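Values in this document were obtained by computation on a predicted structure and should not be read as measured data.
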Amino acid sequence: MFNIPYVEVHTVDHCNNNCRWCHNYSPFCPEKEYEAKDYFPGLDILNGERFHLGAISLMGGEPFLHSDITRFAFQIWERYKRPMVITSNGFWLSEDAVRAYKDLWQLMSLVKISRYPTIEKRLGGYDEAYRIAMLIKEYNPHVRIEFPQKAIFNKLETFDEPREVKRFCGNSHCMALLRDMTIHRCGAGGYQRFAPEGMLSEGFRNCPHMSYDLKNFDYHDFVLWRSRYPLEACSYCNFSDRTPSVGWKVEKGHKPFNTDYELTYHYNLAKNMVIQESLDDAQTRAEFIRNSYGDLPQVDVISGLIASQHGDMAGSLKAFSAALQKDSGNSDARYFLSLLS
């Protein structure tokens, strides 16, 4: 039986945090989220009788930008019953958000919250972020919570000509599964389709053995592929030669945060809070949106949903109508109004 410590799957490719030298190229990724079932064909093989699959890791991008991360995780858990890990930059940390994900925490064995200095500052510093994160244990006392430091980044560079591999690269342990059933040994190679033209050398891009196509699965070929080191690509990458460590920086031409992604996140979270009948938390989140982004139609939609839950149909109608006055194309307001008519 061959041991696979973990397999990572992307819930989304995009991220609200625009880190320079992101190994998954998230600042350049289009907005895209996936369904758990997208990964079932590949995971079915890796969870087969000839493998011991240690854990399934939910990643991105920023996984909490998925419109329903709890449903995604539950569908993975229900099918595979393997320990689950989620890695996030923690931009969403708040007491009401922790409550909203109470069902998610019960599925997790490990929650990793990366400490990016820009986000940590917005959250009120390390002590406050730590305090809020530890509230997760109220819903799952057995979950491990880690806070890896991300104030320092490895500066990713690739070379035109191969160089001697002088050190072991831990990224080679990566097992990144894509929805097309290819699996990759490192993020820099696995997600290279998102890298801007000229960012990666042709030598690195064209190296064999970076990926394995599970559609053509053969057990012995797979074990050989997974055990191979160094990869040819390693000789074109500075992670196996020298890895300059630099302070966190924003990607050139980008703002530190993608506020559109964050606004969508807060709006989706508020709607889910209404579904969970956590109406006070939904109202708090609506006020947060208003204070942070302005008096947007999304605020009126949330107010309409809260009024509907209270049985105030007149108030609900008024709120949805106000949303359409601000944005006649607001599909949520139109849909919820149609339910009232």
Side-chain angles (χ1 to χ4, degrees), residues 4-16 24-26 29-92 97-98 100-114 136 139-140 142-145 174-185 187 190-191 193-194 211-215 217 222 261 264-269 271-273 275-276:
I4 301 174
Y6 72 95
V7 172
E8 69 177 55
V9 296
H10 276 199
T11 68
V12 301
D13 290 324
H14 55 289
C15 186
N16 61 299
N24 292 345
Y25 316 107
S26 290
C29 292
E31 185 175 359
K32 174 69 175 178
E33 77 172 37
Y34 300 97
E35 297 294 327
K37 65 182 180 181
D38 292 335
Y39 298 104
F40 288 171
L43 287 174
D44 285 350
I45 293 173
L46 299 173
N47 194 51
E49 61 182 15
R50 304 188 75 175
F51 296 109
H52 176 264
L53 177 57
I56 299 173
S57 180
L58 309 185
M59 299 186 66
E62 168 49 51
F64 281 84
L65 293 180
H66 193 281
S67 60
D68 195 343
I69 183 62
T70 301
R71 178 173 59 86
F72 185 104
F74 179 80
Q75 290 174 348
I76 294 285
W77 166 255
E78 187 177 45
R79 190 176 182 92
Y80 300 107
K81 301 294 192 298
R82 304 307 304 158
M84 297 185 68
V85 178
I86 192 164
T87 301
S88 170
N89 63 41
F91 81 98
W92 46 270
V98 169
Y101 295 120
K102 58 183 181 296
D103 294 330
L104 176 67
W105 308 135
Q106 295 177 27
L107 299 175
M108 293 296 132
S109 296
L110 172 62
V111 176
K112 296 176 70 173
I113 300 175
S114 301
I136 293 171
Y139 304 99
N140 180 358
H142 303 293
V143 69
R144 285 195 300 125
I145 302 175
C174 177
M175 290 281 279
L177 177 64
L178 276 60
R179 63 177 296 183
D180 64 1
M181 290 186 68
T182 59
I183 192 162
H184 301 263
R185 291 283 298 277
Y191 302 103
R193 68 190 185 281
F194 296 129
S211 63
Y212 184 92
D213 190 347
L214 291 171
K215 294 190 294 293
F217 175 75
F222 177 85
Y261 291 158
T264 300
Y265 163 82
H266 294 300
Y267 177 54
N268 286 334
L269 180 62
K271 290 192 292 184
N272 285 330
M273 288 171 169
I275 292 171
Q276 296 173 12

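In this structure, CG in D68 is found 8.5 Å from CD in E33, a value given to the nearest 0.5 Å. To the nearest 0.5 Å, atom NE2 of residue H14 and atom OG of residue S26 are 9.0 Å apart. Atoms CD and CD, on E35 and Q75 in that order, are 6.5 Å from each other to the nearest 0.5 Å. Between the CD1 atom in I45 and the CE atom in M181 there is a gap of 4.0 Å [rounded to 0.5 Å]. The structure places CG of L43 at 10.5 Å from CG of D38, a figure rounded to the nearest 0.5 Å. To the nearest 0.5 Å, atom CD1 of residue I145 and atom CE of residue M108 are 12.0 Å apart.
E8 is not listed as a side-chain neighbour of T87, based on a closest heavy-atom distance of 4.5 Å or more. Contact check for I86 versus F64: side-chain heavy atoms found under the 4.5 Å cut-off. Between P30 and D13, every side-chain heavy-atom pair lies at or beyond the 4.5 Å cut-off. Looking at heavy atoms from C-beta onward, V85 lies out of side-chain contact with L58 at the 4.5 angstrom threshold. L107 has its side chain out of reach of Y101: every pair of non-hydrogen atoms, C-beta onward, lies at least 4.5 Å apart. Inter-residue side-chain proximity for T70 and N272 is flagged as unmet; no heavy-atom pair is nearer than 4.5 Å. Residues Y6 and C174 form a side-chain contact, since some pair of their non-hydrogen atoms from C-beta on lies under 4.5 Å apart. The shortest distance between side-chain heavy atoms of I56 and N47 does not fall below 4.5 Å.
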Walk me through whether Y80 and D44 qualify under side chain to side chain donor-acceptor pair (under 3.5 Å). CA-CA 8 Å; Y80 300 107; D44 285 350; 2.7 Å; yes
Worked verdict on E78 versus R71 for salt bridge (charged side-chain N to carboxylate O under 4.0 Å, His left out): CA-CA 10 Å; E78 187 177 45; R71 178 173 59 86; over 6 Å; no
D180 vs T182, test: side chain to side chain donor-acceptor pair (under 3.5 Å). Steps then yes/no. CA-CA 6 Å; D180 64 1; T182 59; 2.6 Å; yes
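In this structure, the side chain of R79 does not engage the main chain of F40 through any donor-acceptor pair within 3.5 Å. Using modelled atom types, no side-chain atom of W105 and backbone atom of V111 make a donor-acceptor pair closer than 3.5 Å.
Judged by distance alone, the side chains of E62 and N16 never bring a donor and an acceptor atom under 3.5 Å apart.
Nearest heavy-atom pair, G187 versus N24, reported as atom, atom and distance to 0.1 Å: CA-OD1, 3.7 Å. When all heavy atoms of G54 and P83 are compared, the pair lying nearest together is O-CD, 3.2 Å. Closest of all the heavy-atom pairs between I113 and G90 is CG2-CA, 3.9 Å. What you find for L177 and Y39 is that their closest heavy atoms are O-CE2, 3.3 Å. The two residues A97 and M273 make their nearest non-hydrogen contact at N-CE, 4.3 Å.
Both tests do not hold together for R179 against Y34: distance to the six-membered ring centre under 6.0 Å, angle to the ring axis within 45°.
Around atom NZ of K37, no more than 12 heavy atoms belonging to other residues, nucleotides or ligands sit under 6.0 Å away. Summarising the local packing, NZ of K102 is surrounded by more than 12 heavy atoms from other residues, nucleotides or ligands at distances under 6.0 Å.
Ring centroids of F51 and F222 are separated by less than 6.0 Å, placing the two rings close together.
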